[in-house]
Structure formats: C-alpha cells, structure tokens
Amino acid sequence: QVQLVESGGGLVQAGGSLTLSCAASGRTFSNYAMGWFRQAPGKERDFVAAITRLAYTTTYTDSVKGRFTISRDNAKSTVYLQMNSLKPEDTALYYCAADTAALPSRSSANYEYWGRGTQVTVSS
C-alpha cells in the first residue's frame, strides 16, 4: 500500500507559478513511476505529466509542454510539478498517482494508488 498526499495548490493569477508536491509513504518510492493528473469541474480526469522510477524519462500532455516540469526526489519520496505561465484553463483539482509499471502510462486506469488532490485555481 502506498499513501500519497499532495500539497502546494492555491489561487494564482494568470501568468503566475505554483509548485505542487506529492509525498509518498508506505512502500519503496523508487519502485513506482509517478504521474500527475487533473480534473476540472464536470470534466474527466486528464493526464498531465509522468516520470519514470529513476527519473530517466518524463512525458507531458501537449497543453503543458514548455510550462510544466515534473521531477522527483527518491530520497525524500516526493514528486513535484513545477507549473509556470499558468492559464485559467489550468484550473483543476490536481492528483498524483503511483504506477508499478516500468514506463509511466497516460491512462489513469493503470495507476494503482492515488492521492486526494490539491486545488489549483488560476484567475484571469
């Protein structure tokens, strides 16, 4: 069992920045690929970014490429999402998730463990 707790969300103006953190506990963090997803009101949960177990590979959805950066610190059992140049359409509840697969998936169905989310609101 892996427990995930997100933090760092908040209210920010368009063009601003936020860094989300997701702290893991329970099992060896480096055994899991990690992903960030987001869900806006009335919409499905969408893939944002993912990172492999040892951070060799990252992947992003097109709408955040060049603005968001996913990273991880296995010594601290934490994954981060640095978000720059935020837009109102980035407003959502952001979740982190853990996947035992070697290569991270863009599909939420493949992730075994989820946090409860942290709210990001970007005002125009």
Side-chain angles (χ1 to χ4, degrees):
Q1 193 81 351
V2 175
Q3 293 79 41
L4 302 172
V5 179
E6 303 94 337
S7 61
L11 174 63
V12 63
Q13 289 187 333
S17 298
L18 283 174
T19 299
L20 306 184
S21 300
C22 173
S25 62
R27 289 194 176 176
T28 304
F29 182 66
S30 58
N31 286 347
Y32 296 88
M34 298 298 296
W36 285 97
F37 290 77
R38 64 187 180 186
Q39 188 168 18
K43 295 188 177 181
E44 293 186 350
R45 190 172 298 186
D46 292 330
F47 171 78
V48 176
I51 188 167
T52 51
R53 296 166 180 170
L54 299 182
Y56 292 150
T57 302
T58 58
T59 184
Y60 300 89
T61 192
D62 286 346
S63 62
V64 308
K65 284 180 180 177
R67 299 190 298 123
F68 290 11
T69 302
I70 188 171
S71 62
R72 66 189 296 162
D73 185 338
N74 286 346
K76 295 182 178 180
S77 297
T78 302
V79 62
Y80 305 95
L81 186 67
Q82 173 69 44
M83 305 185 296
N84 298 326
S85 302
L86 282 161
K87 304 175 181 180
E89 51 263 43
D90 294 318
T91 294
L93 187 60
Y94 282 71
Y95 298 90
C96 72
D99 182 3
T100 55
L103 294 177
S105 171
R106 291 175 174 245
S107 171
S108 61
N110 291 338
Y111 286 78
E112 288 86 347
Y113 303 103
W114 292 82
R116 294 187 176 184
T118 186
Q119 179 67 39
V120 172
T121 302
V122 184
S123 63
S124 57

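Please read these numbers as outputs of a predicted model, since none were measured by experiment.
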Nearest atoms (heavy-atom pairs only) where Phe68 meets Tyr60: O-CE2, 3.3 Å
Straight-line distance of Ile51 CD1 to Asp99 CG, nearest 0.5 Å: 13.5 Å
Closest contact, heavy atoms only, Ala92 versus Ala40: CB-N, 3.9 Å
Heavy-atom pair of closest approach, residues Arg72 and Ser30: NH2-CA, 4.0 Å
Hydrophobic cluster identity match, Tyr95 and Leu18, side-chain contacts under 4.5 Å: no
Lys87/Asp90 ion pair, N-O < 4.0 Å: no
Cluster check Ile70, Val64: I/L/V/M/F/W/Y, side chain < 4.5 angstrom: yes
Nearest-0.5 Å distance that lies between atom CE in Met34 and atom OG in Ser77: 9.5 Å
Interatomic spacing from OH in Tyr113 to SG in Cys96 - rounded to 0.5 Å: 13.5 Å
Rounded distance (nearest 0.5 Å) linking atom CG of Leu4 with atom OH of Tyr111: 11.5 Å
Check: Phe37 ring centroid to Trp114 ring centroid under 6.0 Å: yes
Exam field: side chain Arg67 to backbone Ser85, donor-acceptor pair closer than 3.5 Å: yes
Heavy-atom side-chain proximity of Asn84 to Ser17 below 4.5 angstrom: yes
Shared hydrophobic cluster, Tyr94 / Val2 (ILVMFWY, side-chain heavy atoms < 4.5 Å): yes
Thr100 and Glu112, any side-chain heavy atoms less than 4.5 Å apart: yes
Nearest heavy-atom neighbours spanning Gln39 and Lys43: NE2-O, 3.0 Å
Gln119 side chain near Thr91 side chain, heavy-atom distance below 4.5 Å: yes
Nearest atoms (heavy-atom pairs only) where Asn110 meets Ser105: ND2-OG, 2.7 Å
Distance (rounded to the nearest 0.5 Å) between Arg53 CZ and Phe29 CZ: 12.5 Å
Same cluster (ILVMFWY, side-chain, under 4.5 Å), Leu81 and Val122: yes
Shared hydrophobic cluster, Val79 / Val120 (ILVMFWY, side-chain heavy atoms < 4.5 Å): yes
Arg27 atom CZ, over 12 foreign heavy atoms within 6.0 Å: no
Whether Thr52 side chain and Thr57 backbone form a donor-acceptor pair below 3.5 Å: yes
Student check: side-chain heavy atoms of Thr61 and Asp46 closer than 4.5 Å: no
Side-chain heavy-atom pair Glu6, Leu20 within 4.5 angstrom cut-off: no
Donor + acceptor pair across side chains of Gln82, Thr19 (<3.5 Å): yes
CG on Asn74 to NZ on Lys76, rounded to 0.5 Å: 12.0 Å
Exercise: identify the closest heavy-atom pair between Ser21 and Thr78: CB-CG2, 4.2 Å
